[in-house]
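Data block below; observations after.
This structure is a prediction, so every number in the text was calculated from the model and none was measured.
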Amino acid sequence: MLKLQTKRRLLNAGRDRDRLAAIEASVAALTDDDLLDLADIFARGGPTPLRDIAGAEMQRRNITL
């Protein structure tokens, strides 16, 4: 039973990493205008992982809202 739980957790962690990498790649693929639109949508709310990813990409590109 413990081996199955461990295996399931490892598989889920792998899927989670893959999903996060896909999200980061999608944000990186956005044009500057689309990235600014995305950042603007999340600027008003509280901190979120997507807001952090968009902010990091904007910083990498040296663009601001």
Could you tell me whether the side chain of R15 reaches within less than 4.5 Å of the side chain of N12, counting heavy atoms only? yes
Side-chain hydrophobic cluster, 4.5 Å single linkage: members besides L38: L20, I23, V27, L30, L35, L36, I41, F42, L50, I53, M58, I63, L65
Please list, chain by chain and in numerical order, all residues satisfying side chain to side chain contact (heavy atoms under 4.5 Å, CB included) with R17, sequence neighbours excluded. A13
What heavy-atom pair brings D32 and R61 nearest, and what distance separates the two atoms? OD1-NH1, 2.8 Å
If the condition is salt bridge (Lys or Arg N to Asp or Glu O under 4.0 Å), which residues does R19 pass it with, not counting sequence neighbours? none
Atom CG in D16, atom CZ in R9: separation rounded to 0.5 Å? 13.0 Å
Spatial distance of atom NZ (K7) from atom CD (Q5) [nearest 0.5 Å]: 13.5 Å
